[in-house]
There are 2 protein chains.
Amino acid sequence: MTTPDDLFKALSDRNRLRVVAALLQSKELCACQIHEWLGVTGATASKHMGILVASGLVLSRKDGRWVHYRLNRKDTNLRSLFNWIRRQLKADKELLDDLNKLNSVTACPPVELRKRQREAASTCC
Amino acid sequence: MTTPDDLFKALSDRNRLRVVAALLQSKELCACQIHEWLGVTGATASKHMGILVASGLVLSRKDGRWVHYRLNRKDTNLRSLFNWIRRQLKADKELLDDLNKLNSVTACPPVELRKRQREAASTCC
DNA sequence: TTTATGTTTAGTCATCTGCCTAAATATGAC
DNA sequence: GTCATATTTAGGCAGATGACTAAACATAAA
């Protein structure tokens, strides 16, 4: 296992905490959904997910070209940490608003989402 | 209260986590004891303690020229986080060894400790 | 009031972090 | 096999972080 400060370091970034919050209420999220919701490039999102996976907090599952992420709920220690985080989130107004917007991202399947993302990228400039 | 990622940021530094670990087993520690035990300059230790206090994790008490630090055990949310940390520390070999050395620092009162620190500083070079 | 001393602040430097774009990699579709 | 596409890696840049020394500040002692 990683040391506590490694775990805290993984959680010390706002965007990574947002991902954990999102995964607390969604069983699984696709890389492209996370990238869309965070509002950063796919490369940046990938980096963040790499850190979360390396810390052990998050597990990934590859399905063809798609990568799906979920919380590591098997680990007892992590589970109690997740519960603590879940309780704190209730007081984090900004994050709660943020999580509401997650629904519009998860509403459409990854394939549709990527299609929209590609279109948006091509129509600008 | 600070947001969860602020708390995690405060805990994401190894030296600050060491301080929290030390305060988990010592009711109070003087600034000079922390500076001695961490093995960094007083200025650096002061900076770290400032971050811990700002995050709400640690409380400080000024007694003349001396400043004493203790965990903020009043806050229920923090207390459960401290308990979680305490459990994790048991698996952190390096930190456990480290905490043993804390005894030799707390064994002598701050006044004596500073005297030794001053002497050590003057005899070198 | 002057001096000594515990702590903090200011200033500097090297390293780390998070973001981006562009290129590389991996895999499904034709 | 070749192309399209989801993700990761590489490289670069701006800002944050943690360390130090020196100076400033606060307070007890002489």
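Numbered from 1 within each chain, the chains take letters A, B, ... in sequence-line order.
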Q.
So, applying side-chain contact (heavy atoms from CB on, under 4.5 Å) with Ser55(B), which one of Leu57(B), Val53(B), Ile51(B) is it?
A. Leu57(B)
Q.
Could you tell me how far apart Leu29(A) (CG) and dA6(D) (C1') are, to the nearest whole angstrom?
A. 16 Å
Q. Rounded to the Å, how far apart are Asp13(B) CG and dA16(D) P?
A. 17 Å
Below 3.5 Å, can you tabulate the donor-acceptor pairs from side chains in residues 66-73 of chain B to any protein atom, sequence neighbours excluded?
| from | atom 1 | to | atom 2 | distance (Å) |
| --- | --- | --- | --- | --- |
| Asn72(B) | OD1 | Lys74(B) | N | 3.4 |
| Asn72(B) | ND2 | Gly56(B) | O | 3.0 |
| Arg73(B) | NH2 | Leu24(B) | O | 3.3 |

Q. Can you give one letter per nucleotide of nucleotides 20-30 of chain D, going 5' to 3': B for a protein heavy atom under 4.0 Å from the base, S for sugar-phosphate only, - for none?
A. BBB---SBS--
Q.
Under 4.0 Å, heavy atom to any atom of DNA chain C: which of residues 16-25 of chain A qualify?
A. Arg16(A)
Q) Within this structure, what is the CD-to-P distance between Glu36(B) and dT7(C), rounded to whole angstrom? A) 12 Å
Q: Using whole Å, report how far CG of Leu52(B) lies from C1' of dG18(D).
A: 14 Å
Q. Starting at CE of Met49(B) and ending at C1' of dG18(D), how long is that distance when rounded to a whole Å?
A. 16 Å
Q: Might you work through the salt bridge (Lys or Arg N to Asp or Glu O under 4.0 Å) test for Asp13(B) and Lys47(B), ending with a clear yes or no?
A: CA-CA 12 Å; Asp13(B) 177 81; Lys47(B) 193 104 176 276; over 6 Å; no
Q) From the list dT9(C), dT8(D), dT7(D), which nucleotide is the closest neighbour of the side chain of Ala31(A)? A) dT7(D)
Q) Picking from dC19(C), dT8(C), dT17(D), which would you name as closest to the side chain of His48(A)? A) dC19(C)
Q) Within a strict 4.5 Å, meaning less than it, do heavy atoms of the Leu7(B) and Leu78(B) side chains meet? A) yes
Q | Side-chain touch His48(B)/Leu52(B), heavy atoms, less than 4.5 angstrom | A | no
Q) Sub-3.5 Å donor-acceptor pair from the side chain of Thr106(B) to the main-chain atoms of Leu102(B), do we have one? A) yes
Q) Over how many whole Å does the gap from Arg61(A) atom CZ to dT7(D) atom C1' extend? A) 15 Å
Q: Let me know the distance between CD of Gln33(A) and C1' of dA6(D), rounded to the nearest Å.
A: 13 Å
Q) Do you see a donor-acceptor pair shorter than 3.5 Å between the side chains of Asn83(A) and Ser80(A)? A) no
(Q) Looking at Asn15(B), I'd like to know whether one of its side-chain N or O atoms comes within less than 4.0 Å of OP1 or OP2 on dA19(D). (A) yes
Q) Can you tell which of dT7(C), dT7(D), dT8(D) lies closest to the side chain of Trp66(A)? A) dT7(D)
Q.
Quick check: on DNA chain C, is the nucleotide nearest Ala45(B) upstream (toward 5') of the one nearest Ile51(A), or the reverse? Name the residue that is more 5'.
A. Ala45(B)
Q | Lys/Arg-Asp/Glu bridge criterion (N-O < 4.0 Å) met for Arg18(A), Asp92(A) | A | no
Q | Length of the CG-P vector between Leu38(A) and dG18(C), whole Å | A | 13 Å
Q.
Distance check, rounded to the nearest 0.5 Å: Gln88(B) atom CD versus Phe8(A) atom CZ?
A. 7.5 Å
